[in-house]
Q: 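The structure that follows is given in the form of structure tokens.
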Amino acid sequence: MNFHFTEEQELLRSAFAEFAKEEIAPNAARWDAENITPLDIMPKLGELGVLGIFVPEEYGGIGLGHTERVMALEEIARHSAGLAMMVFTHQLGMAAILDFGSEEQKKKYLPDMCAGTCICGLAVTEPGGGSDVAGQKTAAVLEGDSWVVNGRKCFITNSHCAGATVITCRTGEDEKGRGTFSTIIIEKGTEGFAPGREENKLGLRGSMTGELIMNNARVPKENLVGEVGQGNPIAMKEIGEVGRASMAAIATGILRGCLEDAVKFANERIVYGKPIAKLQAIQFHVAEIRCDYEAARLMLYRAAALKDEGKPASPEFSMAKYFATDAACRDARKCIEVMGGYGVVNEYAAGRYLRDAMGCISSGGTGEIQKLIVAGDTMRKFK
Amino acid sequence: MNILVCIKPVPDPDKYGDLRIDPETKRLVREGVPTVINPEDKNALEEALRLKEKLGGSVSVLSMAPEFSRDKLVESLAMGADEAYLLSDRAFGGADTYVTSYVLAEGARRILAAKDLPRFDLILMGNASADGATSHVPTQIAEWLDLPHICNVREIRTGSEAGEAGAEDCSTLQVIRKTETEDMLFAVDLPAVIAVSREINKPRLINAMGIIKARKKPLTIWSNEDLDLPREVIGLAGSPTQPGALFSPDMRRGAESLGSEMDAAADKILEIVQKAGV
Ligand SMILES: Cc1cc2nc3c(=O)[nH]c(=O)nc-3n(C[C@H](O)[C@H](O)[C@H](O)COP(=O)(O)OP(=O)(O)OC[C@H]3O[C@@H](n4cnc5c(N)ncnc54)[C@H](O)[C@@H]3O)c2cc1C
């Protein structure tokens with residue numbers, strides 16, 4: 001058993017951290033306050049190699065794995081969870097194309113997506129409830145050479161900036177009359193397709209979240225990703241592994257922000273003539289945040305390592321997502337407590353950490369949904 | 001243009017607050033303080049890469065350091081250097097600047113022999129290391145190799161940028177050297193050793209593709225078996241410099257309350273200042 005990153009991974013982490021310090025940290029508060037989606041940083045992240053880090057070189061990527069991918073997300077989310085949200089959802093759509101798309105689709109979309117000049121997304125959630133995946137109403141019917149798509153998706157990250165989005169649509173039903181679904185790539189500018197309302201969110205600001213509306217949208221037949229009827233398994237595999245890994249990484253990045261800011265403040269703030277870091281009550285807050293941060297990292301990187309070894313890791317990612325998100329919510333609160341009145345002043349990032357942590361709760365599936373997955377796995381394995 | 005860049009791994013200057021001097025051994029306790037490429041050496045490497053992008057040629061990197069510093073050479077390859085050499089041997093340990101420059105100069109000779117090259121056109125270095133800060137080594141290397149040298153350079157111009165002085169064949173460079181009061185313009189015949197200051201450029205950030213490419217670039221580690229330098233001229237034994245006492249100065253300051261009565265306090269301040277002979 002080896003708990004160390006390789007020399008190369010450490011070098012990658014320091015490259016990501018340095019980029020984040022220079023390009024993200026100075027802007028994160030402004031992106032949050034003004035709800036700015038920093039699209040201009042995407043080509044820079046492309047050049048850094050983050051966007052296509054898990055994509056083979058032949059499609060414009062770097063050819064590394066998901067361990068390196070979540071490492072980059074942790075470093076981005078340390079300073080801006082909102083930007084990390086945009087980056088990961090972009091990668092989520094790319095992963096669907098990479099794992100299930102045709103050779104033509106990979107060649108057509110992935111190089112620009114790796115470069116950050118075309119943004120991607122993955123749209124499943126509908127107004128009828130994100131948890132009820134089988135209840136999706138968006139439907140696609142094959143007419144000649146086109147899919148004709150009708151329906152509405154909501155809470156979709158990159159809704160208004162994506163050049164191409166992978167969407168799930170009902171395309172038939174099984175013998176028991178239950179819907180079967182397919183994944184289709186729909187490009188910006190497609191007739192009958194447009195983004196709808198954009199949400200004004202509590203947290204994860206700086207990433208766009210909004211509706212997609214399909215009104216007799218005609219999509220070329222060859223935009224089908226994978227096989228007809230395989231849409232939900234495709235979406236669930238990517239959300240279950242790539243999506244939840246990313247949410248766990250984002251929450252872990254927030255945890256590190258809480259930890260670093262709490263320690264910095266505790267050392268600088270003088271009360272009773274000495275730094276509050278000397279007070280045991282403050283030390284206990286810091287110790288608790290540290291334990292959560294270390295545990296979240298262990299769960300995250302272990303799950304990512306399993307995936308990179310080609311092993312099933314879905315329950316592990318659910319555990320990591322659930323634990324890290326919950327921990328980020330309670331520890332952002334602790335960070336605020338350590339800072340006293342300053343914790344609620346917006347010049348400090350602690351309040352943003354809390355809002356961003358809350359923003360992580362439902363994306364990638366709520367805590368309840370993660371617990372259902374973990375419970376199902378546990379009931380089998382610990383019988 | 002074939003360029004050699006010397007780099008030194010140093011404790012991260014941002015973390016100097018964590019460095020301590022062991023009162024017993026008088027050595028720097030580096031435990032827990034991360035190592036980085038000396039900042040000015042990164043400027044030297046960046047300048048070398050820019051010159052190569054403009055003029056072609058190759059960039060080699062050389063360092064004398066313990067073997068755990070290998071990752072710093074990988075980093076310089078990831079930044080864009082073509083090959084790297086690490087001179088690493090217990091026998092090199094404890095070297096002062098005189099011996100360090102000697103071993104580096106011998107390393108440079110050894111690289112040329114291995115590659116069957118007549119010379120490096122340019123040796124670029126940082127002006128000073130963030131930890132030792134003597135600025136001795138660039139000049140000393142140049143002396144060992146019998147090359148012209150110039151330090152504190154904040155700009156290098158080539159070819160047309162340099163007007164008449166810069167022949168397109170790069171036999172000459174124009175450089176601006178800064179002093180405390182003015183800038184001085186020099187035309188330097190190559191080969192030469194040039195030591196640069198931080199304002200010369202902003203080093204590029206490394207990226208994932210650079211790190212992947214670094215996997216395939218040669219990184220050679222040589223011990224003294226390869227250099228074959230006599231024991232008595234290297235390491236601690238060969239170093240003529242004997243450091244005197246090494247201690248952290250006591251920076252505590254005496255504080256005196258002058259009370260809250262303004263005029264009385266002002267009189268007292270005046271008295272103190274006069275007494276101090278200001
Ligand atoms: C910032 C953000 C970005 C997002 N980005 C995307 C995106 O890019 N693409 C996309 O497709 N979706 C996206 N989503 C949607 C997200 O996947 C859904 O919010 C999530 O699946 C939950 O769906 P819902 O919001 O409709 O809640 P609901 O499904 O309506 O759930 C409401 C409540 O009921 C509980 N609940 C539901 N079912 C069960 C059950 N079986 N047992 C116990 N409790 C249950 C839930 O836990 C929750 O507490 C995003 C959401 C957010 C907040």
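Computed from heavy atoms alone, side chains included, the values below leave out hydrogens, waters and symmetry copies.
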Q: With respect to A:E8, which candidate in B:R215, B:K213, B:R70 satisfies the salt bridge (charged side-chain N to carboxylate O under 4.0 Å, His left out) definition?
A: B:R215

Q: Show the nearest heavy-atom pair for residues A:E7 and B:V74, with the distance to one decimal.
A: OE2-CG2, 3.4 Å

Q: Please look at A:K44 and chain B and tell me whether the side chain, the backbone, both or neither of the residue comes under 4.5 angstrom of a heavy atom of that chain.
A: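 No part of A:K44 comes within 4.5 Å of chain B.
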
Q: Tell me whether A:R30 at atom CZ has more than 12 heavy atoms from other residues, nucleotides or ligands lying less than 6.0 Å away.
A: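 Count over threshold, so yes.
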
Q: Ion pair present between A:E22 and B:K202, side-chain N to carboxylate O less than 4.0 angstrom?
A: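 A salt bridge links A:E22 with B:K202.
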
Q: Given the options B:A208, B:A78, B:G210, which has more heavy-atom pairs under 4.5 Å with chain A than any of the others?
A: B:A208

Q: Relative to chain A, which segment of B:I211 carries a heavy atom at a distance below 4.5 Å: side chain, backbone, both, or neither?
A: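 When you check distances to chain A, atoms from both the backbone and side chain of B:I211 fall under 4.5 Å.
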
Q: A side-chain contact here means heavy atoms from C-beta on lying under 4.5 Å apart; do B:M209 and A:L48 qualify?
A: no

Q: Could you check whether atom CD of A:E47 has more than 12 heavy atoms from other residues, nucleotides or ligands sitting under 6.0 Å from it?
A: no

Q: Do B:D71 and A:L11 make a side-chain contact, defined as non-hydrogen atoms from C-beta onward lying under 4.5 Å apart?
A: no

Q: Give a yes or no on whether B:E225 atom CD has more than 12 heavy-atom contacts from other residues, nucleotides or ligands under 6.0 Å away.
A: no

Q: Any side-chain heavy-atom pair from B:I212 and A:E57 closer than 4.5 angstrom?
A: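 In short, these two side chains touch, coming nearer than 4.5 Å.
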
Q: Output the distance between atom CZ (A:F16) and atom CG (B:L205), rounded to the nearest 0.5 Å.
A: 12.0 Å

Q: With a sphere of 6.0 Å drawn around CZ of A:R13, does it hold more than 12 non-hydrogen atoms of other residues, nucleotides or ligands?
A: yes

Q: Looking at B:K115, I'd like to know if its NZ atom is crowded, meaning that more than 12 non-hydrogen atoms belonging to other residues, nucleotides or ligands lie closer than 6.0 Å.
A: yes

